[in-house]
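Here the structure is a predicted model, which is why all the values come from computation and not from measurement. All heavy atoms count here, side chains included; hydrogens, waters and symmetry mates do not.
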Amino acid sequence: EEQREAVLMAIDRVATRMQDEKSHLTDLDSAIGDADHGANLARGFTAAAEAVEGSEDDVDEIVKKIGVTLISKVGGASGPLYGGSIMSASQTLSEEGLTAETSIAFAEAYLEKVLDRGGARVGSKTMVDALTPAVHTYKKSIEVDELPPVTALAKAVAAAERGVAFTVPIRAEKGRASFLGWRSVGHQDPGATSTLFIMQELLATAE
Ligand code: ADP
Ligand code: MG
Ligand code: MG
């Protein structure tokens, strides 16, 4: 099935991207954290891609398995946030699979879980700063502007890019970076950056 192939291609692309960006993400995390974000995500997404390789399951089951694998392989603060939220949001795909409507529901459920689990808000200097404008832009682009999903996703990626830039001048309120207080100012958040990379790969898969 076409949807399944798209999901499997997407997770492969994300895994490759995380391997390629491993030292970049580690450098960002070494400035305001413990220098493991690149290794965490490269290990986790590679394991997730391997876990579902050649799968003949429905897309919701594949996405759920990706989430479960990320929970067990990523670790740190980002593992439960990425993995647990993907796992939970996979339920939105259980009836109709992946459509324009369910992709919005998935994105909203994912954001809601990240907010619930992490307790961050926009401005806390976390992945939420990239994710929130991306999800809102995606939904509005489809529902209000009636753009095709791929165009909406491109706009969401642009919004996530602005969100990543927004993390630089602000002070961290959550996670390890918050221990630095004002010394976290001037550094780009690793988790916002990896969120952008994932979205860029989803867009490249959809194009
Ligand atoms: P750890 O900080 O445990 O080493 P990682 O380095 O893998 O975990 O991930 C750090 C990233 O996780 C941060 O850059 C930030 O984007 C994200 N993060 C940390 N805490 C939270 C939180 N409470 N809510 C949302 N995102 C968070
Ligand atoms: Mg870290
Ligand atoms: Mg760590």
Side-chain angles (χ1 to χ4, degrees), residues 1-19 21 37 40-118 127-128 130-132 134-139 141-143 148-150 152-154 156-157 160 191-207:
E1 189 190 340
E2 216 171 281
Q3 291 183 359
R4 181 192 300 130
E5 290 314 309
V7 172
L8 294 175
M9 197 183 292
I11 188 63
D12 275 343
R13 287 196 70 114
V14 172
T16 302
R17 182 71 185 275
M18 292 304 159
Q19 291 290 352
E21 302 284 357
H37 194 59
N40 288 348
L41 293 193
R43 180 179 62 244
F45 279 98
T46 299
E50 285 169 2
V52 298
E53 193 183 347
S55 172
E56 307 218 328
D57 286 343
D58 291 341
V59 288
D60 64 309
E61 287 299 329
I62 293 175
V63 173
K64 184 177 177 186
K65 189 153 195 185
I66 290 169
V68 170
T69 308
L70 293 174
I71 293 172
S72 71
K73 300 287 181 179
V74 175
S78 64
L81 288 168
Y82 273 126
S85 304
I86 289 171
M87 186 188 83
S88 170
S90 72
Q91 290 170 34
T92 60
L93 308 175
S94 66
E95 274 166 33
E96 295 167 61
L98 190 58
T99 66
E101 288 74 29
T102 64
S103 69
I104 295 168
F106 179 87
E108 288 189 302
Y110 175 76
L111 170 61
E112 199 174 301
K113 283 294 161 191
V114 171
L115 294 173
D116 274 2
R117 279 165 207 272
M127 56 176 72
V128 168
L131 189 58
T132 303
V135 172
H136 292 168
T137 298
Y138 184 66
K139 180 181 166 78
S141 296
I142 292 175
E143 291 185 352
V150 181
L153 188 51
V157 167
T193 308
S194 58
T195 294
L196 171 63
F197 293 159
I198 292 166
M199 293 196 54
Q200 287 173 336
E201 296 309 318
L202 296 181
L203 175 60
T205 307
E207 275 173 344

* **Close side-chain approach of K65 to S55, heavy-atom, < 4.5 Å** => no
* Step by step, work out the side-chain contact (heavy atoms from CB on, under 4.5 Å) result for E108 and V135. => CA-CA 7 Å; E108 288 189 302; V135 172; 4.0 Å; yes
* Nearest heavy atoms of A48 and L70, plus distance in Å ->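 Closest heavy-atom pair between A48 and L70: CB-CD2, 4.2 Å.
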* Non-hydrogen atoms of T205 and A6 that approach each other most closely ->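 Where T205 meets A6 most closely, the heavy atoms are CG2-O, 3.5 Å.
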* Asked: Which pair of heavy atoms, one from Y138 and one from A156, lies closest together, and at what distance?
  ->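 Shortest heavy-atom separation between Y138 and A156 comes out as CB-CB, 4.0 Å.
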* Asked: Between the main-chain N or O of S85 and the side-chain N or O of S88, is there a donor-acceptor pair closer than 3.5 Å?
  -> no
* Asked: Taking the side chain from R17 and the backbone from I198, do they hold a donor-acceptor pair closer than 3.5 Å?
  ->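 Not confirmed, R17 side chain does not pair with I198 backbone.
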* Asked: Atom CD of E61 and atom CD of E56: how far apart are they, to the nearest 0.5 Å?
  ->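 Between E61 CD and E56 CD, I get 14.0 Å after rounding to 0.5 Å.
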* Could you give the distance from OG (S94) to CG (D58), rounded to the nearest 0.5 Å? ->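 Reported to 0.5 Å precision, the distance equals 9.5 Å.
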* To the nearest 0.5 Å, what is the distance between CD (Q19) and OG1 (T46)? ->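 Here the interatomic distance stands at 3.5 Å.
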* **Over all atoms of both residues, closest heavy-atom pair of E96 and Q3** => O-NE2, 4.1 Å
* Asked: Has the side chain of S72 got a donor or acceptor atom that lies under 3.5 Å from a matching backbone atom of T69?
  -> yes
* Asked: Side chains of E21 and S194: do they bring a donor and an acceptor to under 3.5 Å?
  ->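 Their side chains do not contain a donor-acceptor pair, so the 3.5 Å distance test is not met.
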* Asked: Between L131 and Y110, what is the shortest heavy-atom contact and its length?
  ->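 Shortest heavy-atom contact: CD2-CE2, 3.5 Å.
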* **Evaluation steps, side-chain contact (heavy atoms from CB on, under 4.5 Å), between L41 and Y82** => CA-CA 10 Å; L41 293 193; Y82 273 126; 3.9 Å; yes
* Asked: Do L153 and E207 have side chains that get closer than 4.5 Å, going by heavy atoms?
  -> no
* Got a donor-acceptor contact below 3.5 angstrom from the T137 side chain to the A134 backbone? ->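 Side chain of T137 to backbone of A134, a donor-acceptor pair under 3.5 Å: no, none is there.
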* Does a side-chain heavy-atom distance below 4.5 Å link L98 with F106? -> no
* Structure fact -> Output for pair (E143 CD, E101 CD), nearest 0.5 Å, gives 8.0 Å
* **Gap separating the NZ atom of K113 from the CE atom of M87, nearest 0.5 angstrom** =>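 Between K113 NZ and M87 CE, I get 9.0 Å after rounding to 0.5 Å.
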* **Between CD1 on residue I86 and CD1 on residue I66, distance to nearest 0.5 Å** =>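 If we round to the nearest 0.5 Å, I86:CD1 and I66:CD1 are 7.0 Å apart.
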* Asked: Are any of the side-chain heavy atoms of L93 and K64 separated by less than 4.5 Å?
  -> no
* Stepwise side-chain contact (heavy atoms from CB on, under 4.5 Å) test for H136 and L111 -> CA-CA 10 Å; H136 292 168; L111 170 61; 4.1 Å; yes
* How close do A105 and T92 get, heavy atom to heavy atom, and via which atoms? ->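 Smallest interatomic distance, heavy atoms only, reads O-CG2, 3.7 Å.
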